[in-house]
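Because the structure is a prediction, the values reported are computed rather than measured.
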Amino acid sequence: MDILNTVSLESNTKIKINFDGGDLSSDAGLLLFKEFLFKIGAVKLINRMFKTNDTAWFRIHKDDANLMQVIYQIISAYFEDDCADELTNEPVMTTILDKDALASQPTLSRFFNRMDEDTLCQLNQITRELRKVIYSIKKPEFMLFDIDSTLLDTYGTQEGEGFNYHYQAHGYHPLLCYDGLTGDLLKAELRDGTMYCGKEADIFMKALLDEFISDFPDMPLFLRGDSGFASPDLYEVLEDKHCKYAIRLKENAKLCELAEDENQALYRATKFNQVDYAVEYGEFMYQAGSWSHPRRVVFKIEKPYEQMIHLYTFIVTTLEMKPYQVIQFYCGRGKMENFIKEGKSGFDFASVSSSSKLVNANRLLLHALAYNLFNWFRRLALAVSMRKQRIDTIRLKLLKIAARVAKSARYKYFKLCSSCPYKREFYETLENIRNLQPQLE
């Protein structure tokens, strides 16, 4: 014991404090995540597919190791590049990366600055290949694309940043597409802050649809989007790729006129009761001036509780369902806001601090990859009692576990906290990982 550096508390002189506890870590739960990545072949895949256009002939910290280090840091909520300097000799991190010391902040900054269009394609391809592995374990019966955009704050002069009138703030305006059932982030694209949410959404979705049609040809495809994506170009792409959709239309006088019969029916139904909620559904064929042909539009007219106004919802769709079923199907996209919120708060999607837009696009995809890896881990391996919990809760309960490292001639032991209240969930998760049977190349 280091007697000289031991101090006593004035509040209780029987309590002694020093820093002679040995090799300790607060992130022992990352060992579970490492085991999961090994099981699905993520480490080998990244080692094989990821390489920056580096002009240096030798580097101590290789590109694939740097990428894995950043992923582990994101999972552990060490979002800032500067955190790498504080984690240099962190025992769990160095063990799972099989290194004597982690890459420093300057090394990671140089690593990010080497990223370009090639690495952007590599990150997309890595996500695609890993998705095939995950679907080999448990393939969804159908794919539900939920498309939306969000704002990532920027500071100072950054390439591509701009004032977005919808959010009334400066930033980037990325386009995101999630699986509406599982929360998987299927595709992300960083865009200028001034770009309208639905602009070039047809190009964005065409590439993603082609990918799914090629990889999973028998999988039914569906899409939901708000009125910002009400574009005839997008409709035609979806129809050409046989993807059924439900996209909201902005209310206008012509649509309201076509729904007038149901509007009058709602007035008659509420004539003697202006307090309770009431609703009418209907549909009609409609062709806007920019559309190549008429399309089915379903609608809902509702009178809110204790109000005398009527609210309209119009959905253009190719779904073969009753109007109220189409409305219910569309309203389910509200869960996407939770997916976006978790991505931004739990995985720091807004970590776009470079002056280069291309580097920031790579940063976004790297954080999206970390998000997907964790989402797959949560869905396929995590203890059943924890699978509905958010990343912050899982970090607190399962990843941030204290451990002491003990070394022998042949082994390294991680002695986890004896009083950890989630030992059962830890072992259950480990057993679930071992029972996975992915199809690897």
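The closest side-chain donor-acceptor pair between His170 and Thr154, if any, does not fall under 3.5 angstrom. There is a side-chain donor-acceptor pair under 3.5 Å between Asn164 and His173. In this structure, a donor-acceptor pair under 3.5 Å is present between the side chains of Ser25 and Glu90. A side-chain N or O of Thr182 and one of Asp179 form a donor-acceptor pair less than 3.5 Å apart. No hydrogens or angles considered: a donor-acceptor pair under 3.5 Å links the side chains of Thr119 and Asn362. Side-chain polar atoms of Ser109 and Gln105 form a donor-acceptor pair below 3.5 angstrom. If you check the side chains of Tyr178 and Asp184, you find no donor sitting under 3.5 Å from an acceptor.
Two rings, from Tyr165 and Phe163, have their centers less than 6.0 Å apart. Between Phe216 and Phe212, the ring centre distance stays below 6.0 Å. Aromatic pair Phe222/Tyr245: ring centres not closer than 6.0 Å. If you look at Tyr286 and Trp291, their ring centroids are closer than 6.0 Å.
Around atom CG of Asp98, no more than 12 heavy atoms belonging to other residues, nucleotides or ligands sit under 6.0 Å away. Applying the 6.0 Å contact sphere to OH of Tyr167 captures more than 12 heavy atoms from other residues, nucleotides or ligands. Heavy-atom contacts from other residues, nucleotides or ligands closer than 6.0 Å to NZ of Lys412 number more than 12. Counting heavy-atom neighbours within 6.0 Å of Lys16 NZ, excluding the residue itself, gives a total above 12.
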Using the salt bridge (charged side-chain N to carboxylate O under 4.0 Å, His left out) rule, take Asp81 and Arg363 through it: C-alpha gap first, then chi angles, then the decisive distance, then the call.
CA-CA 12 Å; Asp81 293 354; Arg363 280 180 174 267; 2.8 Å; yes
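Between Phe79 and His367, the angle of the ring planes lies from 30° to 60°, which puts this pair in the tilted group.
Within the 4.5 Å cutoff, the side chain of Val297 has no heavy atoms near those of the Ile315 side chain. Counting heavy atoms from C-beta outward, Phe299 and Thr313 have side chains that stay 4.5 Å or more apart.
Atom CD of residue Glu117 and atom CG of residue Leu358 lie 5.0 Å apart, to the nearest 0.5 angstrom.
Taking the ring axis of Phe314 as reference, the NZ or CZ atom of Arg248 does not stay both within 45° of it and closer than 6.0 Å to the ring centre. Taking the centre and axis of the six-membered ring of Tyr413, the NZ or CZ atom of Lys415 falls inside the cone set by 45° and 6.0 Å. A cation-pi arrangement is present between Lys187 and Phe204, with the terminal nitrogen or guanidinium carbon under 6.0 Å from the aromatic centre and inside a 45° cone about the axis.
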